[in-house]
Each structure stands twice: as C-alpha cells, then as structure tokens.
Amino acid sequence: MPETRDILILGGTGQVGTELQAPALWGAGTRLHAPSRAALDVTDAAAIDAALAQRPYAAVVNAAAYTAVDRAESEIAAAWALNAVAPALLAAATARAGIPLVHVSTDYVFDGRTEAPCTPDTPVDPQSVYGASKAAGEIAVRSANPRHAILRTAWVVSPHRGNFVKTMLRLAAERERLSVVDDQHGSPTSAGDLAAGLAQIAQALARDPTAPTGTHHFVNAGATTWCGFARAIVAGAARRGGRSVPVDAIPTSAFPTPARRPAHSVLSTASLTAAYGLRPRPWAEALDDILDRLVGPERTTTETQA
Ligand code: NDP
C-alpha cells in the first residue's frame with residue numbers, strides 16, 4: 001500500500017494554486033489540503049501555527065501572494081505583508097515543524113537591464129514595490145528554512161482568474177485592433193506547467209531529505225514580447241473560430257503604468273534542469289493547451305471556411 005502524504009497548498013484559489021490541486025500531479029496516497037484565505041490567512045502567525053499543528057504535513061507549497069503589480073505601488077503595506085512577512089512566517093513555522101517549504105517568486109526581482117537570460121545567481125535589483133516585496137520574501141525563506149525550494153517564474157497565464165491571455169481574448173472580441181508593448185521581453189508560463197514542476201519538487205523534498213534545495217527558475221521555454229505573445233494569442237484564438245484582429249506594436253513609453261517593469265526578464269532554467277531534471281516545454285505549446293480549454297479545439301480548414 002502506498003504511503004499517505006498530506007500536502008498543504010496556500011493560495012489554492014489563485015492561478016497556480018488551482019492547477020496545483022490537479023490530482024494527476026501527485027502520487028497515489030497524497031492528500032491535498034488547500035484552505036481558503038478565510039480559513040487560513042497567511043499573514044496570521046497564530047493561524048499558520050494552528051494549521052501546521054493539525055497534521056504532520058509532508059510539504060507546504062506557498063502560491064499565495066499579492067500579485068497586483070501596479071496597485072502594490074500604492075498599497076505597499078499590503079504587498080509586503082503578503083509577499084515578505086507571510087513567507088517569513090511560513091518559513092519559520094515550517095522549519096520549526098521540520099517540513100520543507102516550496103515557494104513561488106518572480107522575474108520582477110531583476111532590473112531587466114541585461115539581455116542575457118537571468119540565472120539564479122544574477123544579482124537582484126527590483127524596480128517596483130511588488131518586486132522588492134517578493135525579493136524580501138525570498139530572503140526570509142532562505143534564511144529561516146534550509147529545506148526550501150524557491151521557483152521564480154514569469155508572465156503566468158492559465159484558464160483561471162484574470163491574466164494576459166484572458167484579457168487579450170476579451171479585447172480581441174471587443175475591439176477592431178489592439179496595441180501592445182513590444183519592448184519588454186520575457187517568457188510566458190503556464191500555471192499548469194509550473195504547478196506540475198512545483199508538485200514534483202515538493203514530492204522530492206517530502207520523500208528525500210537530501211533532495212536539492214535552493215533558488216531556481218521555472219518558465220516555459222523560449223522568449224517573446226507582450227506584443228508577440230498577444231499576436232500568438234489572437235492567432236491561436238482565430239484558429240479556434242475567434243476573431244482575427246491586428247495587434248500593433250507600441251513602446252512601453254506609450255503605455256505608462258504605476259509600476260516599472262523589467263525590459264528583459266528572460267529566465268534561464270538550466271539550474272532547474274540540473275537539480276530536478278525538469279525541462280519546461282515551449283511557451284507556444286503551453287498556450288495552445290490553455291486556448292483549447294478557454295476557446296475550444298482548433299478547427300479544420302473546412303470548419304473555418306464554413
Ligand atoms: P493569484 O493572484 O492568481 O492568486 C493569489 C492567491 O493568494 C489567491 O489564492 C489568493 O486568495 C491568495 N491570497 C491572497 N491574500 C491571502 C491571504 N492573506 N492569506 C491566504 N491567501 C491569500 O496568483 P498567481 O497564481 O498568479 O501567482 C502565484 C505565484 O506566482 C505568486 O507567488 C506570484 O508572486 C508568482 N508570480 C506570478 C506571476 C503572474 O504573472 N501572475 C508572475 C511571476 C510570479 P483569494 O482568492 O482569496 O484572493
């Protein structure tokens with residue numbers, strides 16, 4: 001009979017947290033627990049301690065975060081509470097309980113000035129409140145719980161909640177043409193693919209005290225700009241019967257936002273492959289799977305013409 005393992009997932013209503021609850025990602029005998037924010041507020045130290053005392057968790061995966069990048073510029077305390085203080089509390093509590101912690105961070109910890117892909121050793125220099133709060137959360141996790149894995153990711157999309165794919169699909173249905181920034185470079189990432197990686201790492205840490213720890217990057221393979229990504233989304237939707245509208249390239253300066261974003265935040269996944277054998281697939285393939293779920297399967301040429 002397989003051993004039973006309890007895994008605690010935080011942020012279970014989010015893009016990544018929803019995908020983390022797919023039973024197929026976990027071995028037989030795994031019991032997933034994903035309390036809502038109301039049931040477990042990750043900024044509440046006593047609530048975290050009480051949750052961890054309920055059962056001997058084999059691992060905790062933290063996908064809870066303050067992810068409203070622009071709003072964070074004016075809600076600094078809220079962003080830091082969730083992205084810096086909560087990971088500190090979780091890391092300390094899991095360390096006391098002897099549990100590994102798998103935590104998610106972001107490409108926005110980098111300044112984005114160099115074109116070469118960032119490795120986990122590239123110095124961080126966040127340009128926004130969100131990026132700074134996430135960088136502080138990383139430091140807290142590293143310093144409080146040696147049995148941790150931090151996965152930095154970027155441009156996360158999925159069929160769930162609000163995200164770039166869903167926004168582009170809505171705008172393509174509403175407008176005659178779209179304008180999207182073409183001078184920010186990054187790697188779109190499927191929340192489902194990331195969740196599969198997080199689950200594999202959590203299970204490795206849960207069963208093997210010598211499993212690799214540390215900071216790694218998980219993004220789908222390849223790079224594009226937001227404009228390139230938007231064009232792929234519109235083209236993919238059109239192959240599924242959606243409207244095809246032109247997508248015009250604009251500079252970041254034409255679309256000012258409260259938060260500064262890195263111009264180049266392509267992440268190298270080499271250390272992820274070396275540590276865990278994970279090789280994320282190309283972002284365009286992952287996008288196709290998301291569009292299949294959001295729009296439907298691709299149509300044949302005859303169906304499109306009919
Ligand atoms: P979402 O914004 O989709 O989800 C955030 C989750 O955090 C929700 O489940 C939310 O619950 C939960 N949450 C918020 N406040 C609390 C609280 N006080 N206590 C408990 N839970 C809370 O995030 P994503 O899935 O997109 O992001 C997952 C991770 O990936 C985060 O660490 C994020 O920083 C990182 N990341 C995301 C990127 C992106 O493009 N989205 C890019 C790079 C990194 P509720 O439903 O109640 O609000």
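First listed ligand is number 1; within each ligand, the first listed atom is number 1.
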Answer yes or no for [X]: is there a heavy-atom contact with ligand 1 below 4.0 Å?
X: Ala191; result: no
X: Ala68; result: no
X: Asn83; result: no
X: Tyr108; result: no
X: Leu10; result: no

- Could you tell me whether the side chains of His185 and Glu115 share a donor-acceptor contact shorter than 3.5 Å?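 Side-chain D/A pair, His185 to Glu115: absent.
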- Query: Are a donor atom and an acceptor atom from the side chains of Thr215 and Arg142 found within less than 3.5 Å of each other?
  - Reply: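 Per modelled atom types, Thr215 and Arg142 side chains form a pair under 3.5 Å.
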Identify, by atom number and element, the atoms of ligand 1 in contact range of [X], meaning under 4.0 Å from any of its heavy atoms.
X: Gly14; answer: 1 (P), 3 (O), 4 (O), 8 (C), 9 (O), 25 (O)
X: Lys134; answer: 31 (C), 32 (O), 33 (C), 34 (O)
X: Leu40; answer: 19 (N), 20 (C)
X: Asp41; answer: 17 (C), 18 (N), 19 (N)
X: Thr67; answer: 1 (P), 2 (O), 23 (O), 27 (O), 33 (C), 34 (O)
X: Ala65; answer: 5 (C), 7 (O), 14 (C), 31 (C), 32 (O), 33 (C), 34 (O)
X: Ser105; answer: 44 (C)

- Query: Any idea which part of Gln15 is under 4.0 Å from ligand 1, heavy-atom wise: side chain, backbone, both or neither?
  - Reply: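 The answer is both, backbone and side chain.
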- Message: Under 4.0 Å, heavy-atom basis, I'd like to know which part of Tyr130 is in contact with ligand 1: side chain, backbone, both or neither.
- Response: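 Under 4.0 Å from ligand 1, Tyr130 contributes side-chain atoms alone.
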If you have a sec, work out which protein heavy atom is nearest [atom] and how many Å separate them, to one decimal?
atom: atom 39 (C) of ligand 1; value: Val156 CB, 3.5 Å
atom: atom 47 (O) of ligand 1; value: Arg37 NE, 2.9 Å
atom: atom 15 (N) of ligand 1; value: Leu82 CD2, 3.1 Å
atom: atom 43 (C) of ligand 1; value: Thr153 O, 3.4 Å
atom: atom 21 (N) of ligand 1; value: Ala64 CB, 3.7 Å
atom: atom 8 (C) of ligand 1; value: Thr13 OG1, 3.5 Å

- Item | Candidate with minimal heavy-atom separation from atom 29 (C) of ligand 1, of Leu20, Val104, Asp44 |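 Nearest option to atom 29 (C) of ligand 1, by heavy atoms: Val104.
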- Query: Heavy-atom distance to atom 19 (N) of ligand 1: which of Val42, Val16, Thr18, Asn163 wins?
  - Reply: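 Among Val42, Val16, Thr18, Asn163, the closest heavy atom to atom 19 (N) of ligand 1 comes from Val42.
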- Task: Quick one: list whatever passes salt bridge (Lys or Arg N to Asp or Glu O under 4.0 Å) with Arg71, sequence neighbours left out.
- Result: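 Per chain and number, Arg71 pairs via salt bridge (Lys or Arg N to Asp or Glu O under 4.0 Å) with Glu75.
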- Message: For Glu176, is there an ion pair with Arg243 - N to carboxylate O distance below 4.0 angstrom?
- Response: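 Salt bridge present between Arg243 and Glu176.
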- Does a side-chain N-to-carboxylate-O contact under 4.0 Å join Asp70 and Arg261?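 Salt bridge: yes.
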Donor-acceptor contact present, side-chain [X] to main-chain [Y], <3.5 Å:
X: Asn62; Y: His103; value: no
X: Asn220; Y: Ser190; value: yes
X: Arg293; Y: Ser158; value: no
X: Trp26; Y: Leu20; value: yes

- Item | Side-chain heavy-atom pair Thr189, Phe218 within 4.5 angstrom cut-off |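 Thr189 vs Phe218: side chains touch.
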- Query: Does the side chain of Leu151 come within less than 4.5 Å of Leu272's, by heavy atoms?
  - Reply: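 Yes, close enough: below the 4.5 Å cut-off.
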- Indicate yes or no: does an N/O atom of Gly17 lie under 3.5 Å from an N/O atom of ligand 1?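 No: no nitrogen or oxygen of Gly17 is under 3.5 Å from one in ligand 1.
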- Query: Can an N or O of Asp107 be found at a distance shorter than 3.5 Å from an N or O of ligand 1?
  - Reply: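 No, since none of the N or O atoms of Asp107 sits under 3.5 Å from an N or O of ligand 1.
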- Message: If I take atom CD1 from residue Ile201 and atom NE2 from residue His148, how far apart are they, to the nearest 0.5 angstrom?
- Response: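 Between Ile201 CD1 and His148 NE2, I get 11.5 Å after rounding to 0.5 Å.
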- Item | Gap separating the OG atom of Ser187 from the CG atom of Asp107, nearest 0.5 angstrom |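 Those atoms lie 8.5 Å apart.
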- Message: Is it the case that the ring center of Phe164 lies less than 6.0 angstrom away from the ring center of Trp155?
- Response: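 No: the rings miss the under 6.0 Å criterion.
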